[in-house]
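Atoms considered below: every heavy atom in the structure, side chains included; atoms not considered: hydrogens, waters and symmetry mates. In this text the structure is predicted, and so the values were computed from the model without any measurement.
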Amino acid sequence: MEIKPIKNEKDYQEALNRLELIFDSKKGNENGDELEILSILIDKYENENFPIGMPDPIEAIKFRMEQMGMKQKDLAEIVGFKSRVSEILNKKRKLTLEMIRKISFSLHIPTEVLVQEYIVE
């Protein structure tokens with residue numbers, strides 16, 4: 001087992017190739033230990049070099065509503081009037097702090113996603 005830091009794209013590709021070879025290794029043996037360490041190194045490299053940004057707050061709400069099979073009237077029961085929900089989902093109105101709290105609690109969307117800045121059209 002030769003483990004080294006992943007410093008560039010070449011190292012990253014080599015690590016991915018090795019990971020693929022030992023992917024089904026069992027814990028507790030040499031390949032299993034290498035798999036665990038290599039996974040950590042790859043994850044670190046990917047987080048530093050290929051960060052995934054936070055989703056747009058309104059798109060996150062729409063996505064979660066779709067996952068939960070919710071309609072606009074269901075969201076209106078959480079935040080208030082149906083017309084207000086329509087304005088929010090069409091980015092005509094900003095979310096208020098109270099709406100953010102209610103949506104976060106009801107739809108299980110992290111508040112750090114909902115408080116992000118977005119453009120009202």
Applying side chain to side chain donor-acceptor pair (under 3.5 Å) to K44 and not counting sequence neighbours gives E48
Taken in chain and number order and not counting sequence neighbours, the residues that satisfy side chain to side chain contact (heavy atoms under 4.5 Å, CB included) with F81 are S83, R84
By side chain to side chain contact (heavy atoms under 4.5 Å, CB included), K73 pairs with (sequence neighbours left out) K71
Tabulate below the donor-acceptor pairs under 3.5 Å that side-chain atoms of residues 98-107 make, not counting sequence neighbours, or state none.
| from | atom 1 | to | atom 2 | distance (Å) |
| --- | --- | --- | --- | --- |
| S104 | OG | I109 | O | 2.8 |
| S106 | OG | K102 | O | 3.0 |

Notebook entry, point to check: Do L95 and I61 touch side chain to side chain, with heavy atoms closer than 4.5 Å?
Noted result: yes
Quick one, D24 and L35 - any side-chain contact, counting heavy atoms below 4.5 Å? no
Taken in chain and number order and not counting sequence neighbours, the residues that satisfy side chain to side chain contact (heavy atoms under 4.5 Å, CB included) with K82 are A76
What I want to find out is whether R18 reaches E14 closely enough, with some N-O distance under 4.0 Å, to be called a salt bridge. no
Has the side chain of D43 got a donor or acceptor atom that lies under 3.5 Å from a matching backbone atom of S39?
no
So the side-chain hydrogen bond (donor to acceptor under 3.5 Å, both in side chains) pairs with at least one residue in residues 107-121 (sequence neighbours excluded) are K94-E117
Tell me, yes or no, whether the heavy-atom count around I119 atom CD1, taken from other residues, nucleotides or ligands under 6.0 Å, exceeds 12. no
Sorted by chain and number, sequence neighbours left out, salt bridge (Lys or Arg N to Asp or Glu O under 4.0 Å) with E36 holds for none
Open item on the list: Under 4.5 Å between side-chain heavy atoms, counting indirect links through other Ile/Leu/Val/Met/Phe/Trp/Tyr residues: same cluster for I40 and F23 or not?
Closed with: no
The side chain to side chain contact (heavy atoms under 4.5 Å, CB included) partners of L41 (sequence neighbours excluded) come to I3, I6, I37
Applying side chain to side chain donor-acceptor pair (under 3.5 Å) to E77 and not counting sequence neighbours gives none
Side chain to side chain donor-acceptor pair (under 3.5 Å) filter on K91, not counting sequence neighbours, yields D56
Those residues at least two apart in sequence (or on a different chain) that pass salt bridge (Lys or Arg N to Asp or Glu O under 4.0 Å) with D11 are K4
In terms of heavy-atom contacts, G69 and D74 come closest through O-OD2, 4.3 Å
Rounding to 0.5 Å, atoms CE (M65) and CE (M70) come to a distance of 5.5 Å
Y45 meets the ring pair (Phe, Tyr, Trp, His ring centres under 6.0 Å) criterion, sequence neighbours left out, with Y12
Rounded to the nearest 0.5 Å, the CE atom of M68 sits from the CG atom of L75 at a distance of 10.0 Å
>> In this structure, would L16 and F50 fall into the same cluster of hydrophobic residues linked by side-chain contacts under 4.5 Å?
In response: yes
